[in-house]
Structures are given as structure tokens and as C-alpha cells.
Amino acid sequence: MSAARPRETSPLRDALLPLAVLMGALAVWEAVVVLWSIPPYVLPAPSVIGQTLVKDREILVSALLVTLTTALEALALATIGGVTLALMISRSRWMERALMPFAIVLQVTPIIAIAPLLLVYLAPGEAVLVCAFLVAFFPILANTSLGLASVDRALVELFDLYRASPWQKLVYLRAPAALPQFFAGLRIGGGLALIGAIAAELAAGAAGQGAGLAFRISEAGYRLDIPRMFAALALVSLAGVVIYAGLTALSRLALSRWHESARGTDE
């Protein structure tokens, strides 16, 4: 007997289960707040948070656009820089040994410690952009480098046998082989870019120089406006989900026809 073929999963069906769990969790949260009469300044109910989102939508949405724009710009710069450096490293062991230690140092240094220093030398918007870039850069570099190096040796020898040029090896062999790892790094970098932007904005907000969503969170905290804090946090979470979902969709679009990692299965 032939093995059963895996069935393609539906994006709508995949989204229903987590959505149902989320709605159930919100219902429990609402019930706990109502039954125990918890005041909004301690723990606001989801309904109160929703009302705050509607009431303060102009302030919160404008702040969200600032943060989201910064995160996406940082991700674009990190993608260009990470891929370019990965290509250079794949061509030269000497360059890998010279540059990778600096990339690792930037990755392991806490961004919350770098942000106040950058605010001394750069404008607030530029400092936030640099922080978001730094945290998104390394995953893209590391994953792309791994993908470029993870080429089947037999295929490399086959290309050598046919006397393929280095450019042909890159375009027809190494780049396609690196795409799955590149997109994995891109998904990680997208989330980290948002985290880096939020962390830098918190530092900028503490200095009274912020403009993004994290600044609104700090501002609401100083005023003990807890519902607005939760509303801003909800928007941050939503932005992170949208970024990840968008990058996942892009990965599936690029890989679904030829790579197993992008093919949905239903066991």
C-alpha cells in the first residue's frame, strides 16, 4: 500500500483554534474581574481595555504607527546588512574570523544598556532605529550564513565539474539552499526589531524624548492610567502578531512550491 499523502492545512482552520483559546481566556479574565470586583486601576477588564482603545485611538494609533514604522525600517536595514555581510563571509574565511566577533558582541550586549548611550549621541528617532537594527541584524546574518554554508557537497562538486562560475554557484545553488534559513532569520528578526524599538522607546521616554507606543506606556504608567497601559500593550502584541504573520506568509509564498518546511501537513 502506498503511504497516505499529507493533507494541506487551511490558514483559516489554523487560525480558529488559537482564536478560540484567546476568546476563552478573555472571557475568563472578564469574569474574574467582575466576580471579584477588581478595580480598573489594579486590573482592567478586557471590555474596559477595549473602551480605552476606542476612546484613545488617535493617540495610541499614531504612536503605534511611529513604532511600527521604525521597526519595519530597522528590519529592512538589518535584512540588507545581514544578507550582504553573509554573502561576504561565505566568500572569505578571513572575513568571517574578522567580523563575526563584532556581530556577536553587539548581539549579546543588552539593548536596554545601549539605548541610553545612543540617546546621548543621536536624535531620539535615530537612536531607536539603531537599537531596533542591532537586535534584528544578527539573526538574519547568522541564519543566512548558515544557509549559504549548508549546501550539499555533491551538488557543489557537480557545479565544479561543469566549471560553473562563482556567480552561477551563488545564484543557482547557494542562494536557493539558503532561502529557508534566511526566512527563519527574517521571522526572528521581525519580532526582535519590534522589541528593540520598544526597549529604545522606553529609554527615550524615561528621558522625556519619546514619541512611540512605548513612550505612551511609560506616560500612562506615570499617570497610573492602567487601562491605557493595557490598551497600548494590546496594540504592541497585535503589531508583533501581524509582523510575524506577514513574514510567515512571505516565506510560504517563496518556498511552498519546492521546500518541505513551507508545506502544511495534517497528521
Side-chain angles (χ1 to χ4, degrees), residues 15-74 110-120 123-132 135-136 190-246:
L16 286 178
L17 180 59
L19 183 60
V21 172
L22 175 62
M23 298 304 295
L26 292 177
V28 172
W29 181 355
E30 183 83 23
V32 168
V33 171
V34 172
L35 291 175
W36 271 268
S37 301
I38 302 176
Y41 58 82
V42 175
L43 179 64
S47 58
V48 175
I49 296 173
Q51 293 169 6
T52 304
L53 279 171
V54 174
K55 181 184 66 175
D56 298 337
R57 60 184 179 277
E58 293 185 4
I59 295 175
L60 294 178
V61 171
S62 62
L64 172 64
L65 291 177
V66 172
T67 300
L68 201 54
T69 300
T70 301
L72 293 178
E73 288 177 353
I111 198 64
I112 198 66
I114 300 177
L117 184 62
L118 291 176
L119 286 168
V120 175
E126 295 173 349
V128 172
L129 179 62
V130 171
C131 287
V135 295
L192 289 179
L194 182 61
I195 293 173
I198 293 294
E201 285 178 357
L202 286 173
Q209 300 175 317
L213 200 55
F215 172 72
R216 296 303 176 187
I217 294 175
S218 299
E219 181 185 53
Y222 295 143
R223 298 179 179 180
L224 295 180
D225 191 351
I226 308 303
R228 180 182 284 188
M229 290 184 69
F230 273 87
L233 287 172
L235 287 180
V236 170
S237 301
L238 179 62
V241 171
V242 169
I243 290 174
Y244 185 85

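Just so you know, these numbers use all the heavy atoms, side chains as well, and skip hydrogens, waters and symmetry mates. Numbers for residues simply follow the sequence, beginning at 1.
Proximity of Ile59 to Arg228: side-chain heavy atoms (C-beta onward) are separated by under 4.5 Å at one or more points. Side-chain contact between Leu43 and Trp29: present, with at least one pair of heavy atoms (C-beta onward) separated by less than 4.5 Å. A heavy-atom distance below 4.5 Å is not found between the side chains of Phe215 and Val128. Counting heavy atoms from C-beta on, the side chains of Leu202 and Ser218 come closer than 4.5 Å. Leu68 places a side-chain heavy atom less than 4.5 Å from the side chain of Ile243.
Nearest heavy-atom pair, Thr67 versus Ala214, reported as atom, atom and distance to 0.1 Å: OG1-N, 4.4 Å. In plain terms, the two heavy atoms of Leu60 and Ala232 that are nearest each other are CD2-CB, 4.2 Å. Scanning all heavy atoms of the two residues, the minimum distance from Val135 to Leu192 falls at CG2-O, 3.0 Å. Across all non-hydrogen atoms, the minimal contact from Ala193 to Ala136 is CB-CB, 3.9 Å. Pairing each heavy atom of Met229 with each of Ala220, the nearest pair is CG-CB, 3.4 Å. Taking each heavy atom of Leu118 and Cys131 in turn, the nearest pair found is CD1-SG, 3.4 Å.
Among residues two or more places apart in sequence or in another chain, the side chain to side chain contact (heavy atoms under 4.5 Å, CB included) test is passed with Val21 by Leu17. Listed by chain and residue number, Leu213, Leu235, Ala239 satisfy the side chain to side chain contact (heavy atoms under 4.5 Å, CB included) test with Leu64 (two or more places apart in sequence, or in another chain). Listed by chain and number, the residues in a side chain to side chain contact (heavy atoms under 4.5 Å, CB included) with Thr69 are Glu73 (sequence neighbours excluded).
Atom CG of Leu26 sits about 8.5 Å away from atom CD1 of Ile49, to the nearest 0.5 Å. Rounding to the nearest 0.5 Å places CG of Asp225 at 12.0 Å from CD1 of Ile217. We find the CD-OG1 distance between Glu126 and Thr70 to be 11.0 Å, quoted to the nearest 0.5 Å. Remark: Ile195 CD1 to Ile112 CD1 distance equals 12.0 Å, nearest 0.5 Å.
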